[in-house]
2 protein chains.
Amino acid sequence: MTTTAPLLDEQICFALYSASRALTARYRELLEPLGVTYPQYLVLLVLWEEGPSTVSHLGERLHLDSGTLSPLLRRLESAGHLTRARTADDERVVEVSLTPSGDALREATASIPAGVCEATGLDPAALVALQQQIATVAAHVRATL
Amino acid sequence: MTTTAPLLDEQICFALYSASRALTARYRELLEPLGVTYPQYLVLLVLWEEGPSTVSHLGERLHLDSGTLSPLLRRLESAGHLTRARTADDERVVEVSLTPSGDALREATASIPAGVCEATGLDPAALVALQQQIATVAAHVRATL
DNA sequence: CACAACTAGATTGCACGCAACTTACTGGAG
DNA sequence: CTCCAGTAAGTTGCGTGCAATCTAGTTGTG
């Protein structure tokens with residue numbers, strides 16, 4: 001009996017890694033004309049949905065730490081899409097707020113997800129089911145420490 | 001009727017992006033003692049499975065370009081896990097081969113996937129079904145140019 | 001042979017992710 | 001009030017991903 005290495009194509013992690021990059025590439029070509037990257041777009045999604053947020057809150061929603069968010073937010077700030085300000089209440093906390101420019105991107109990007117979803121070749125119902133299944137797996141993996 | 005921004009938690013791409021990072025984090029903590037990263041592990045998987053490969057072949061299997069692979073292979077080479085050599089037949093082509101050290105990692109990592117799969121909370125059958133569904137989506141997205 | 005079009009890898013530059021560390025501020029115990 | 005553990009964000013360093021460019025080797029065409 002030989003020790004069998006697991007096959008690449010059988011690995012759920014590679015499927016996720018590979019699919020994530022393929023879909024992100026789709027977003028990239030649609031976001032590029034707007035000068036926004038996919039992770040930056042995710043931050044904007046949270047801000048559009050939930051309004052002004054702290055860096056920590058963005059980190060919780062996206063599962064990213066300050067090491068990733070700080071420079072990313074700095075770039076969005078210098079692009080004029082948002083502002084950062086220490087709160088008066090607690091000087092450690094930075095509140096991130098959209099500028100009109102950042103708000104305007106909401107309409108400019110509104111049609112992007114539909115096009116990307118179509119590229120998956122799945123109907124909306126199947127897509128939602130798949131998305132929820134993947135989210136459940138991610139939550140389970142994150143919880144299993 | 002207002003323009004509604006899509007919700008973060010409804011996006012299939014974010015689910016994939018998030019799940020991919022969560023699972024990769026699992027691999028990271030198991031691979032870290034071996035001094036290997038997850039993308040490096042993927043390269044090793046191909047080499048274990050298919051033997052000596054060209055850089056292009058690795059790129060096709062993993063959907064990575066030379067800009068990513070060249071430095072990654074250089075690090076695996078200086079770690080002593082593989083060798084790179086221009087082929088005599090065509091001097092443009094670089095063939096990547098495992099060293100005994102790279103071969104040895106096969107056994108050292110053999111038990112990792114099982115542990116990670118368990119952390120997903122899905123039984124093997126469901127995991128295979130999910131993996132294939134995701135791979136199909138990725139292939140479809142990649143094909144839709 | 002000469003030479004242009006093509007190809008395989010490598011290099012450069014930039015934006016993530018993430019670990020490890022630092023800085024600045026807060027709140028509580030004594 | 002002091003001190004000190006705790007916390008939020010920023011910084012540093014390294015390894016990807018990926019676009020764009022470069023280099024060297026190959027192939028076809030006259």
Side-chain angles (χ1 to χ4, degrees), chain A residues 13-14 16-29 31-43 53-60 62-79 82-96 142, chain B residues 13-14 16-29 31-43 53-60 62-79 84-96 142:
Chain A
C13 190
F14 176 66
L16 287 166
Y17 164 82
S18 184
S20 172
R21 284 174 34 235
L23 267 176
T24 303
R26 257 323 139 68
Y27 273 98
R28 186 182 307 116
E29 57 192 39
L31 289 169
E32 191 272 335
L34 303 173
V36 176
T37 67
Y38 182 69
Q40 290 170 9
Y41 167 71
L42 292 179
V43 166
S53 305
T54 66
V55 175
S56 307
H57 178 70
L58 293 171
E60 284 166 21
L62 304 174
H63 304 289
L64 292 171
D65 68 2
S66 70
T68 300
L69 286 173
S70 285
L72 187 155
L73 294 171
R74 181 169 43 72
R75 282 184 282 271
L76 279 175
E77 185 180 36
S78 54
L82 53 79
T83 59
R84 288 187 291 175
R86 299 271 172 185
T87 61
D89 178 52
D90 185 337
E91 288 283 347
R92 292 170 302 179
V93 176
V94 167
E95 188 166 62
V96 178
R142 236 176 261 119
Chain B
C13 190
F14 176 67
L16 288 166
Y17 162 82
S18 185
S20 172
R21 288 197 293 118
L23 267 177
T24 302
R26 259 319 140 70
Y27 274 97
R28 187 180 307 118
E29 57 192 42
L31 289 171
E32 190 272 336
L34 303 173
V36 176
T37 66
Y38 181 69
Q40 290 169 9
Y41 168 71
L42 292 178
V43 167
S53 305
T54 66
V55 175
S56 308
H57 178 71
L58 293 172
E60 284 166 22
L62 304 174
H63 305 290
L64 292 171
D65 68 3
S66 72
T68 299
L69 286 174
S70 284
L72 187 157
L73 293 171
R74 182 170 44 71
R75 281 185 280 270
L76 279 176
E77 186 179 37
S78 54
R84 288 187 290 175
R86 300 270 171 188
T87 61
D89 178 54
D90 186 337
E91 287 284 349
R92 292 171 302 179
V93 177
V94 168
E95 188 165 63
V96 178
R142 237 176 261 119

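Numbers restart at 1 for each chain; the letters A, B, ... are given by sequence-line order, proteins then strands.
- Heavy atoms only, all atoms of each residue included: B:Tyr17 and A:Ser20 are closest at CA-OG, 3.3 Å.
- When all heavy atoms of A:Phe14 and B:Tyr38 are compared, the pair lying nearest together is N-OH, 3.3 Å.
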* **B/S/- contact track for nucleotides 1-7 of chain D, protein heavy atom under 4.0 Å** => -----BB
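- How far NE2 of A:His63 is from CG of A:Leu42: 11.0 Å, rounded to the nearest 0.5 Å.
- Note on A:Ser70: a side-chain N or O is less than 4.0 Å away from OP1 or OP2 of D:dG10.
- Following rounding to the nearest Å, A:Leu16 (CG) and D:dG17 (C1') show an atom-to-atom distance of 17 Å.
- For A:Val94, the listed nucleotide lying nearest its side chain is D:dG10; candidates were C:dG9, D:dG10, D:dT26.
- When the options A:Val43, A:Leu69, A:Val96, A:Thr83 are evaluated for a side chain to side chain contact (heavy atoms under 4.5 Å, CB included) with A:Leu76, the one that passes is A:Val43.
- One can place CG of A:Leu62 at 10 Å from P of C:dG17, the figure rounded to the nearest angstrom.
- For C:dA24, neither phosphate oxygen OP1 nor OP2 lies less than 4.0 angstrom from any side-chain nitrogen or oxygen of A:Arg86.
- Atoms CZ and OG, on A:Arg84 and A:Ser70 in that order, are 6.5 Å from each other to the nearest 0.5 Å.
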Between the protein and nucleotides 13-16 of chain D, are there any N/O to N/O pairs under 3.5 Å, and if so, what are the atom names and distances?
unit_1: D:dT16; atom_1: OP1; unit_2: B:Thr37; atom_2: OG1; d: 2.6
unit_1: D:dT16; atom_1: OP2; unit_2: B:Gln40; atom_2: NE2; d: 2.5
unit_1: D:dT16; atom_1: OP2; unit_2: B:Arg75; atom_2: NE; d: 3.1
unit_1: D:dT16; atom_1: O5'; unit_2: B:Arg75; atom_2: NH2; d: 3.3

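- Atom CZ in A:Arg74 sits about 12 Å away from atom C1' in C:dC16, given to the nearest Å.
- Going from atom CG of A:Leu58 over to atom P of C:dC16 covers 14 Å, rounded to whole Å.
- Remark: the backbone N or O of B:Arg75 is paired with a side-chain donor or acceptor of B:Ser78 at under 3.5 angstrom.
- Spacing between atom NE2 of B:His63 and atom P of D:dC18 amounts to 11 Å, rounded to whole angstrom units.
- Residues A:Leu73 and A:Leu58 meet the side-chain proximity criterion, which asks for heavy atoms closer than 4.5 Å.
- In this structure, A:His57 and B:Asp90 both approach DNA chain D, and ranking their closest nucleotides by distance from the 5' end singles out A:His57.
- Using modelled atom types, no side-chain atom of A:Arg28 and backbone atom of A:Thr37 make a donor-acceptor pair closer than 3.5 Å.
- Looking at heavy-atom distances under 4.0 Å, B:Thr24 makes no contact with the nucleic acid at all.
- Protein atom CG of A:Asp89 is 9 Å distant from nucleotide atom P of C:dT26, rounded to whole Å.
- When each of B:Arg21 and B:Arg84 is assigned the nucleotide of DNA chain C with its nearest heavy atom, B:Arg84 is the one assigned upstream, toward the 5' end.
- With C:dG17, C:dG9, D:dA8 as the choices, the nucleotide that has an atom nearest any side-chain atom of B:Ser66 turns out to be C:dG9.
- A 4.5 Å side-chain heavy-atom check between A:Arg142 and B:Ser18 finds at least one atom pair inside the cut-off.
- You'll find the side chain of A:Tyr41 stays beyond 4.5 Å of the side chain of A:Leu34, heavy atoms only.
- Between the CD atom of B:Glu91 and the C1' atom of C:dT7 there is a distance of 14 Å, given to the nearest Å.
- We find that CG of B:Asp65 is positioned 13 Å from C1' of C:dT12, with the value rounded to whole Å.
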